[in-house]
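These notes are about the structure you will find just below.
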Amino acid sequence: MGLKVRDILEELEKLAPTSLAEDWDNVGLLVGSPEAEVKGIYVCLDVDLTVLREAVDQGCNVILSHHPVIYKPLRQIRYDESQGELLSTAIEKKLHLIAAHTNYDNAVLGVSHQLALKIGLHKIQVLMPKEEKLYKLVVFVPEGHEEVVRKALGDAGAGHIGNYSHCTFASPGTGTFLPLEGTQPFIGSRGQLEKVAEARMETIVHHGILNRVLQAMLTAHPYEEVAYDLIPLANESQKGGLGCFGVLPEPKTLAEFANDLKEKLGVNGIKVAGEPNKPVEKIAVCGGAGKIALNRALALGVDVLVTGELGHHDAQFALQHGMALIDAGHFATESVALPFLVSYLKEQLNLDSAQVVLGKSEKDLWSYV
Ligand SMILES: [Zn+2]
């Protein structure tokens, strides 16, 4: 189909920028090559041997999972242990494994947004806006080389402000330097003080792509030693965040809402904490393990928080403060967001249903008896 793994990564970057991923996370292309040709894309929650087999059976060589196949740094890849077997099988079968984890959680149209849509919420907003760290990058470029450095910075993702990319500012000036013993200066000669017309070029860089941008800048810049400043900024970038909240088209009782939710998520059981007849209208959702959203949901006066992996003390805390809780499970509250990844990639990359496949074999590890 003439499509490369790189093209998938680029489209994912638009939907769920890697800069939105949490620091502890591991997202993007984890196994494989960006230059490889794509035969088909298999979308799933977790990667295991069954998923690898199914992907291959369905003619896919790219697996896009929500949970990363490599999470913590690896110390060894042992074929006699489960993760080593998994990775060696993926490599043997020339598969390319991509993860869109907390970057998809925090994306504006990400996991919780999809969950909110499934529930039928209106006026959906981000529950916990993410404050993204920004840096000002200032680099001094000799006259005549501005364009190549500017393009390298922009192509690597620097200078993204709202819907504008490649934003930079440059002002002319004079740089001085004295090449010392052992140098091979691009301009001037050893032992002689040089004065050079340079541009002071500045741009803004998101924390998540900092290394990539610096690398691109150093590669494009003609100087042996590049003079640049990297300055942390107090500006906040709020493009996404964890969880969502919104309102139901009309109020329901907690019991009605819970039954509806069960049906919409297609699950056999959910845990509900709260008075069944309590009217609910303002709903917060957080796909996956979302106890972190408790305080924020309470502060916003939400009637019920829907998430996964809640415990006794979470329920006690929420109920004491007048908020109901629904634990609909980690699996159900996240797998609900996978069909959107399939339709997004199909649309953006102009692919059909045989080329982007939603994994069918995965199911909740918990069952209700
Ligand atoms: Zn998860």
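Values in this document were obtained by computation on a predicted structure and should not be read as measured data. When a ligand or atom number is given, it counts from 1 through the structure's own listing order. Values reported hereafter were calculated over all heavy atoms of this structure, with side chains retained and with hydrogens, waters and symmetry mates removed.
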Flag H101 as yes if one of its N/O/S atoms falls below 2.8 Å of the Zn ion (ligand 1), otherwise no. no

Is there a donor in the side chain of T307 and an acceptor in the side chain of K291, or the other way round, less than 3.5 Å apart? no

What do you reckon, is OH of Y368 surrounded by more than 12 foreign heavy atoms closer than 6.0 Å? yes

Starting from the Zn ion (ligand 1), look over the N/O/S atoms of H67 and name the nearest one. NE2

Within 6.0 Å of CD in Q184, more than 12 heavy atoms from elsewhere: no

N/O/S atom of E334 under 2.8 Å from the Zn ion (ligand 1), yes or no? yes

Look at H330 and state whether any of its N, O or S atoms is less than 2.8 Å from the Zn ion (ligand 1). yes

Among side-chain atoms of H166 and D155, is any donor-acceptor pair under 3.5 angstrom? yes

